[in-house]
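Below: one structure, written as structure tokens.
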Amino acid sequence: MRRTFTILIMMVAAASIMVSCKNSNGIIRYKSPSLYAEVTLDQDNGATLSRLATMPENRQWTLMEDGNPLFEIQLKDSRDGADSVIVLNSTKGWSDVSMKHSNGKDIYTFTGNRIASLEDGFSVEFIVTRPSSKSGSWYENDALTFKWGRIRIPDGTALEEATLLPFDLTELPKDARALMQYGSGIEVDPSAESMNAGYSYPAGFGAAMPWNAVWDGEGSGLYLASHNSEAIRENLFFSTSADGSLHLAHCVPGWEKETGNCGLSPTTTVLAGLHGDWFEAAVMYRDWVKAEASWYPRGKMGPEGRTDTPQWLKELCVWGGPYDKDAEKFQEAMGIPVGLHLMSWHQIPFDNDYPHYYPAKEDFEERLKQMQAHDIYVVPYMNARLWDTRDKGLEEFEFLGKALPGAIKDREGRQLMENYGTHEADGDIVRFAPMCPASDVWQQTTYDIVTRMLLPEEKGGYGADGMFMDQITACAPAPCFDPQHGHQLGDGPWWVNSYCDMLDNIRKDIPDNAILTSESNAESYARSLDALFVWQLSLNHQVPAFNAVYESIIQTYARSLDPRDDYDASRTKLAQAFIFGEQLGGIFGWPPDEAVMRDDVLDYLGRLARLRYSVKEYFYKGEMVKRPSLVGDNPKVFAEWYRPLSNATSIDMESVLCSAWSIPSEGRTAYLFANCSDNELELDVRFPAAGPGKIITRYDPDAPATKLDVLPAKLHFAPQEAFVIELTDE
């Protein structure tokens with residue numbers, strides 16, 4: 001009997017009903033056909049998660065036996081006049097610990113803590129909910145959920161942050177893998193890779209989604225998530241140790257409330273069993289998003305995908321940019337409509353004098369019309385978050401009088417400051433103030449900039465096809481303490497809601513065929529944006545976990561093709577983007593004088609883009625399904641990937657990549673394959689949807705679709721070849 005994971009887990013099973021009881025030695029047991037968990041209470045000291053095991057198919061997997069804190073909290077203590085930090089967990093020092101059972105919930109209460117000299121007026125409560133067979137959703141039927149209850153703290157202290165279930169998984173098998181949330185998702189081998197990452201949610205340069213997964217070679221493991229329906233800021237921690245153990249934690253900030261009573265983000269920590277790998281975990285999260293998440297575009301999804309996204313964007317397969325030089329040449333090389341991510345259309349320098357983008361360059365209007373007449377959809381750039389503190393050359397213009405009241409403020413009322421490496425004419429660094437999205441001045445300023453660009457000429461606009469609104473999705477929400485903005489002080493759902501209100505207000509006044517996009521992928525703005533510019537996806541061992549959840553809900557597009565990338569790097573980036581379901585293309589260099597379009601890259605990009613165009617419906621009205629299994633010699637390819645302002649990342653991936661997409665309502669499934677190596681390969685392929693009664697069609701770049709008599713069990717891959725095999729119900 002093999003020892004593997006040390007996790008609190010409940011395997012997803014239709015009959016999984018947990019029961020709870022307390023016996024004389026202070027042990028509370030949670031049990032199901034696939035889970036055994038023990039919480040040990042010491043009423044005069046603390047409580048631990050003392051034993052955790054799963055038992056799939058009569059094979060017990062012990063997760064941990066040494067005990068694990070149930071929670072950890074951090075307080076700021078100002079009682080003696082000097083601020084200090086107190087860190088406590090559930091395991092020791094408590095004056096009293098109790099659990100009471102009520103209406104399917106176990107309510108744990110920890111009162112007074114001797115270690116921190118917080119014995120009066122201090123209590124911590126959390127609630128465990130057992131699954132119920134009466135509900136139809138897996139996360140109510142088959143998961144164990146934890147949620148913070150009431151927290152009381154004495155005067156002179158403040159609750160900074162807290163973590164439910166900070167896990168140290170110490171019994172992982174050698175073949176264990178884990179999904180780290182960064183970018184599109186990264187698959188990690190805990191026994192071989194050293195990681196120590198902390199990152200914020202929701203943020204494209206951070207955690208796009210707040211869930212993790214751990215699994216083994218036999219396809220069983222753990223789903224651990226924050227079901228955070230209002231997308232309130234939290235911090236995720238993911239680290240590995242030399243002994244192969246894994247630390248996972250989801251930490252939420254304290255909320256300001258009345259003296260003596262404080263709160264924590266009302267997120268639900270969910271633990272469930274996993275049958276599969278990261279993909280099955282993504283499907284579990286996708287089910288919850290569609291049912292519960294505030295950002296899911298309910299009422300806007302139809303049989304043809306998003307009903308509020310223009311058809312031209314849904315069908316678009318390739319992008320160029322960041323400048324209009326050679327735009328027509330690029331479109332001709334692609335042979336299909338293209339998007340143009342257009343920067344520096346304004347007279348002010350890039351990353352300077354924001355937000356005074358107007359007037360545009362003198363030839364902008366004429367150039368815009370020329371490109372639009374050439375099957376080019378033009379989406380200009382603006383920053384939707386920053387105001388330059390010297391916003392008219394070397395002078396302060398409108399910042400102090402107009403912008404400063406709407407800037408983000410810290411607890412002491414000070415504005416925040418950021419810089420991005422650009423300089424004023426006198427050599428001084430350009431200093432930006434991040435603006436609060438709830439402030440009237442930023443709401444109105446952004447509305448004016450975007451509508452002027454997108455409204456038609458007869459209404460005083462330029463008639464562009466969309467607006468790229470930088471940093472909305474890239475940057476995590478920032479706690480703001482300015483009471484004049486009308487939002488809850490500090491953290492809360494107001495940040496995402498304010499940006500979505502801004503975007504929705506803009507959308508109602510722009511043409512129906514105009515789009516709104518932002519930088520990198522954060523899920524929380526999906527209902528209000530049409531697309532996400534994922535230029536930053538240049539990391540090793542990426543998996544398409546984000547697109548497994550959000551394909552057809554919101555489009556992802558255009559990785560960075562850096563001038564330092566050689567052909568191998570560009571080719572592997574593009575092949576992976578194709579398999580992930582992204583709209584292809586990218587930013588061809590940065591800064592402007594380094595923007596290049598290499599002929600070999602253009603040729604490869606064009607072939608992939610035209611192939612994607614052959615099956616484009618899958619990516620706006622379908623969804624990702626389980627990919628085929630590839631069996632045989634599939635050697636690694638290696639490359640050095642660059643992105644602007646960053647050093648190279650060493651990449652290794654399989655030569656042949658594949659994914660699968662389905663439109664269930666039409667009985668169609670498409671299997672995408674790309675050999676990104678220079679080798680000729682042959683592999684056995686096991687198609688999940690194989691069976692009789694299928695029409696089999698093969699799509700190749702720049703060739704007519706061909707019908708196949710049988711589904712091949714073995715596929716031949718020429719060097720750098722990509723193709724699609726489609727199965728359709730007869």
Side-chain angles (χ1 to χ4, degrees), residues 343-361 364 380-455 460-462 467-472 474-492 494-506 509-510 518:
M343 305 177 82
S344 293
W345 55 271
H346 38 72
Q347 295 186 20
I348 60 173
F350 181 75
D351 271 358
N352 200 340
D353 288 353
Y354 292 171
H356 306 303
Y357 299 94
Y358 298 105
K361 291 179 178 177
F364 173 67
Y381 171 99
M382 69 162 291
N383 190 296
R385 186 171 164 271
L386 303 176
W387 199 303
D388 186 357
T389 56
R390 294 168 72 184
D391 54 340
K392 190 175 183 181
L394 300 179
E395 301 174 9
E396 183 278 322
F397 174 44
E398 290 187 331
F399 176 70
L400 293 176
K402 184 176 181 180
L404 183 57
I408 296 169
K409 311 297 193 313
D410 65 12
R411 290 178 185 272
E412 285 70 42
R414 299 169 301 198
Q415 71 182 65
L416 305 186
M417 201 75 75
E418 296 177 359
N419 71 80
Y420 292 87
T422 53
H423 293 81
E424 305 283 7
D426 62 359
D428 194 13
I429 195 80
V430 178
R431 294 175 176 84
F432 294 103
M435 300 298 290
C436 178
S439 66
D440 291 340
V441 64
W442 195 238
Q443 289 267 333
Q444 187 63 49
T445 297
T446 308
Y447 174 91
D448 292 343
I449 294 167
V450 178
T451 55
R452 184 174 178 182
M453 177 58 68
L454 300 183
L455 287 173
Y462 287 90
M467 197 77 176
F468 174 76
M469 305 173 68
D470 200 9
Q471 292 197 325
I472 293 177
C475 300
C480 179
F481 296 88
D482 191 328
Q484 301 304 311
H485 298 170
H487 57 69
Q488 174 185 342
L489 298 185
D491 287 284
W494 63 267
W495 179 278
V496 169
N497 291 339
S498 296
Y499 262 123
C500 287
D501 288 345
M502 173 195 291
L503 295 166
D504 294 345
N505 191 41
I506 291 169
D509 289 337
I510 60 175
S518 190

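Heavy atoms only: backbone and side chains are in, while hydrogens, waters and symmetry mates are out.
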Review point. So K402 and V441, side-chain contact (heavy atoms from CB on, under 4.5 Å) or not? Walk me through it.
Key: CA-CA 7 Å; K402 184 176 181 180; V441 64; 3.8 Å; yes
Point to revise | Working for side-chain contact (heavy atoms from CB on, under 4.5 Å), residues N352 and D388 | key: CA-CA 6 Å; N352 200 340; D388 186 357; 2.9 Å; yes
**Study point:** Criterion side-chain contact (heavy atoms from CB on, under 4.5 Å) on T446 and I506, from CA distance to verdict
**Key:** CA-CA 9 Å; T446 308; I506 291 169; 4.3 Å; yes
Exercise for review: Could you walk me through whether F364 and Q347 pass the side-chain contact (heavy atoms from CB on, under 4.5 Å) test, one step at a time?
Suggested key: CA-CA 10 Å; F364 173 67; Q347 295 186 20; over 6 Å; no
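Side-chain atoms of K392 do not come within 3.5 Å of backbone N or O of R390 as any donor-acceptor pair. In terms of modelled atom types and a separation under 3.5 Å, the side chain of Q444 and the main chain of Y447 share no donor-acceptor contact. D391 contributes a side-chain N or O that, together with a main-chain N or O of F397, makes up a donor-acceptor pair within less than 3.5 Å. Distance alone, capped at 3.5 Å, is enough to place a donor-acceptor pair between the Q488 side chain and the D491 backbone. A distance-only check finds no donor-acceptor pair linking the side chain of Y357 to the backbone of Y354 [under 3.5 Å]. A donor-acceptor pair is defined here as one N or O able to donate and one able to accept, closer than 3.5 Å; no such pair exists between the side chain of E424 and the backbone of L394. Using a distance-only test at 3.5 Å, with no hydrogens or angles considered, a donor-acceptor pair links the side chain of Q443 to the main chain of S498. Side chain of S518 to backbone of I472: a donor-acceptor contact under 3.5 angstrom is found. Between the D353 side chain and the I348 main chain, no donor and acceptor come within less than 3.5 Å of each other. Counting only distance, with no hydrogens or angles, the side chain of T389 and the backbone of R431 share a donor-acceptor pair below 3.5 Å.
Summarising the geometry of K361 relative to S344, their closest heavy-atom pair is NZ-O, 2.8 Å, with the distance given to 0.1 Å. Closest heavy-atom contact between M469 and A384: CB-CB, 3.8 Å. In plain terms, the two heavy atoms of G406 and S439 that are nearest each other are O-OG, 3.3 Å. Residues P437 and M502 share a closest heavy-atom pair of O-CE, 4.4 Å.
Interatomic distance, M467 CE to Y462 OH, rounded to the nearest 0.5 Å: 10.5 Å. Note that CD of Q415 is 13.5 Å distant from SG of C436, once rounded to the nearest 0.5 Å. A distance of 5.0 Å separates NE2 of H485 from SG of C480, quoted to the nearest 0.5 Å. Going from atom CG of L416 over to atom CG of D410 covers 6.0 Å, rounded to the nearest 0.5 Å. One finds the CD1 atom of I449 at 10.0 Å from the NE2 atom of H346 (value rounded to the nearest 0.5 Å). For the atom pair I429 CD1 and M417 CE, the distance stands at 12.0 Å (nearest 0.5 Å).
Shown here are the ring pair (Phe, Tyr, Trp, His ring centres under 6.0 Å) partners of Y499, two or more places apart in sequence or in another chain: W495.
Counting heavy atoms from C-beta outward, I408 and M435 have side chains that stay 4.5 Å or more apart. Counting only heavy atoms from C-beta outward, the side chains of Q484 and P405 never approach each other to under 4.5 Å. Within the 4.5 Å cutoff, the side chain of R385 has heavy atoms near those of the C475 side chain. Put simply, the side chain of T451 reaches to within 4.5 Å of the side chain of I510, judged on heavy atoms. In this structure, F432 and N419 have side chains that are not in contact, with every pair of non-hydrogen atoms separated by 4.5 Å or more.
The local environment of CG in D440 is sparse, with at most 12 non-hydrogen atoms from other residues, nucleotides or ligands closer than 6.0 Å.
Seen from the ring of Y358, R452 counts as a face-on cation partner, given the 6.0 Å and 45° thresholds.
The aromatic ring centres of F350 and Y381 sit less than 6.0 Å apart.
Note on ring orientation: taking the six-membered ring where Trp is involved, the planes of H356 and W387 are perpendicular (angle over 60°, cut-offs 30° and 60°).
Between the side chains of D428 and H423, no donor-acceptor pair of N or O atoms lies under 3.5 Å.
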